[in-house]
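Numbering starts at 1 and runs along the sequence shown.
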Amino acid sequence: MVKFSKELEAQLIPEWKDAFVNYWQLKKHVKKIKLFRKNRQPPPELNQDFCRSIFNPIRFIAMKLSTKLLSSNNNTEIIQVRSKTMEDGSDEEEILYQTELVQLFSEEDEVRVFFERLDGELNKVNQFYKTKESEFLERGEILKKQLQILVDLKRILSDRRRKPNAGILPCSWSSSPCNSDLSESPTEMNDISKEISPTDEVIAALERNGVNFINSASSRAMTKKGKPKMAMRIDIPATTPTRTIQAVTSMLWEDLVINNPKKEAPGDFINRKKIQCAEKMIRSAFVELYRGLGLLKTYSSSLNMVAFTKILKKFDKVSNQQASASYLKAVKRSHFISSDKVVRLMDEVESIFTKHFANNDRKKAMKFLRPQKQRDSHMVTFFVGLFTGCLVSLFSVYIILAHLSGIFSPSTETAYMETVYPVFSVFALLSLHLFLYGCNLFMWKNARINDNFIFEFAPNTALKYRDAFLICTTFMTSVVGAMVIHLLLRIGGFSPTHVDSIPGILLLIFIALLLCPLDIFYRPTRFCFLRIIRNIICSPFYKVLMVDFFMADQLTSQIPLLRHLESTACYFLAGSFKTHEYATCKNGKLYRQLAYVISFLPYYWRAMQALNVVLRVAWIESIMRFRIDPVQTHLLDFFLASLEVIRRGHWNFYRLENEHLNNVGKFRAVKTVPLPFRETDSEG
């Protein structure tokens, strides 16, 4: 049976750890009470005749029962838990709980300290729950208002598609209402008000909620009265180049509309794409709200209530008293247990999400709100072990063949090290990085660091450490197998032109697998990797997230890999594998210039950083080329590149731990999704 302390440690929310009941500290206080009672208990003086009596066990049990009955008759007034209301500077009142000892204990000081600590934990849990509950309730009200605006806008669009000429077409979301023509007579205004279309009704409803449209009748009326009005604008984050251009265009167009009040705006910025983007943002916000409510529900009833129950039972057992019943009554009356606002809001979010985002399909809605995590498969562990064994065997065969053929001897030809070595080094360095990333995932899991939340990965498709080890061993087994086949064919006297194309074929196979659109071999992970690389390369035009600059840091440690890719591309694209003139690429002026550019690019993408200066500039050796033996030069390159990858894997753990500590310090366990509709003050 698993101890509750270990169960609590495994199930608590890492970012809220400091807000949970400190069960371990309370256990220490109970142990102190136990030790105090043990030290003060006098040694028993037993009569030898009584000990030899056959009725001794029966008398002992009777004494125990009488003691328990006596204590049960007097345990109703052992403690009293009082609550007092305090002003916290806001409109709400804070309730604090304080325990008074009614009955004297032999270890009164230790018991008093225990209950003071218990009261502090109860007040802490209660206050944290009230704070988070109010935050989620406020967020829920904002989201419901945003959703209502979205529904009304979709009604406008659908009505406009059915009747293009019906109603008043809203021109734009405006940061301030435009100055329209106010020379209309009251008779004309009455004529306009009589012709009310469904679109006009929706616009009027939106404007009552604070949404302002350019050139609408009520906007002109409000401007005529000269009163300030709240305007609303659609804020779609400029996370892609297209959205960036659209945002700039929208700003310029709105300036033209505002600066030319006599002209009606011909454009219509309430378009379908904006509404779709706004709908996705609101849907993501509801998902995060539901996730936060679920975490708060787990925090209250599933863990903290059980913790209070367990520790009070331990106290009763040690003190031979029954104080748990009185204290648990106060716990059950506290806000974090008695309040049902979170449960009701969860039910409301479920119904809203099912209606508006799942076409009344509850099963589909639950896939978004409660995504199922993938279960760990033993087959993955089996294949990791299988490929590891194959890798060791194949690598042993390769070492033997390389020694017999003498390809690493300085007296033999250097074509192997100049042509085949760079391709295989690419896969070796990449596999080493994947292995270290798997080690990072394993350590993050054991340290209770929520890497999926920090990187904003989907929990049902995120890579696990076993998956990283499987990809690593699969890569290396394939690469070493190809190296063995390549060496056997060279020794067997096959044509070098055909034999040296094997590394290129292997590289093309892995590139095709990376770009494969079929749902095989971790497609979500592959596509996520490609998307991150795209964001890094086009960083001025894409929003930079935590995972983007984390990957950019990895690239600064893979400069030798990029250099090997450069030489490999030149070797195969220039056709040098047919002529075996490997110096064609390296002696070219463009190649040497490109080497500096490729070495500098990762540092352009990510500014060089407080640490390990020697390893950070080790890539200079690949450009300066220290004058040593050619074979030793390549081995030194690979050794330094491997050290840099290992350093990066070691750094990754501390980098994410620092991000996790920031989340813990701010109790940030739920992602804050930006909302599309933003209110702005505007003057008429």
S.K.: Return yes if some donor-acceptor pair links the side-chain N/O of Thr556 with the main-chain N/O of Asp553 below 3.5 Å, else return no.
M.R.: yes
S.K.: Could you tell me whether a side-chain N or O of Arg283 sits under 3.5 Å from a main-chain N or O of His356, the two making a donor and an acceptor?
M.R.: no
S.K.: Can you tell me how the ring of Phe20 sits relative to the ring of Tyr299, calling it parallel under 30°, perpendicular over 60° and tilted otherwise?
M.R.: perpendicular
S.K.: Just checking Phe4 against Tyr23, ring centres under 6.0 Å apart?
M.R.: yes
S.K.: Any sub-3.5 Å donor-acceptor pair from Asp361's side-chain atoms to Ala358's backbone N or O?
M.R.: no
S.K.: Got a donor-acceptor contact below 3.5 angstrom from the Arg139 side chain to the Ala285 backbone?
M.R.: no
S.K.: Determine, using ring centers only, whether Phe469 and Phe442 are less than 6.0 Å apart.
M.R.: no
S.K.: Is there a donor-acceptor pair under 3.5 Å between the side chain of Asp548 and the backbone N or O of Leu545?
M.R.: yes
S.K.: Would you say the side-chain atoms of Arg526 pair up with the backbone N or O of Cys516, donor to acceptor, closer than 3.5 Å?
M.R.: yes
S.K.: What I'd like to find out is whether the side chain of Val479 reaches to under 4.5 Å of the side chain of Val423, using heavy atoms alone.
M.R.: no
S.K.: About how many Å separate OG1 of Thr525 and CG of Leu530, when rounded to the nearest 0.5 Å?
M.R.: 11.0 Å
S.K.: Identify the two heavy atoms, one from Phe435 and one from Cys472, that lie closest to each other, and give their separation to 0.1 Å.
M.R.: CB-SG, 3.6 Å
S.K.: Using the benzene-type ring in the case of Trp, are the ring centres of Phe550 and Phe455 under 6.0 Å apart?
M.R.: yes
S.K.: Any side-chain heavy-atom pair from Ile532 and Phe529 closer than 4.5 angstrom?
M.R.: no
S.K.: So do Phe368 and Phe353 actually touch side chain to side chain, heavy atoms under 4.5 Å?
M.R.: yes
S.K.: Under a 3.5 Å distance rule, please check whether Ser431 uses its side chain to pair with a backbone N or O of Phe475 as donor and acceptor.
M.R.: no
S.K.: Are Val499 and His486 side-chain neighbours, meaning at least one heavy-atom pair lies under 4.5 Å?
M.R.: yes
S.K.: Is the shortest distance from a Lys or Arg side-chain nitrogen in Glu15 or Arg448 to a carboxylate oxygen in the other one below 4.0 Å?
M.R.: no
S.K.: Return the set of residues passing side-chain hydrogen bond (donor to acceptor under 3.5 Å, both in side chains) with Arg466 (not counting sequence neighbours), or none when no residue passes.
M.R.: Asp376, Thr381
S.K.: Would you indicate whether Asn359, at its atom CG, is surrounded by more than 12 heavy atoms from other residues, nucleotides or ligands within a distance under 6.0 Å?
M.R.: no
S.K.: Do Tyr290 and Arg370 have side chains that get closer than 4.5 Å, going by heavy atoms?
M.R.: yes
S.K.: Is there a side-chain contact between Trp24 and Leu8, using heavy atoms and a 4.5 Å cut-off?
M.R.: yes
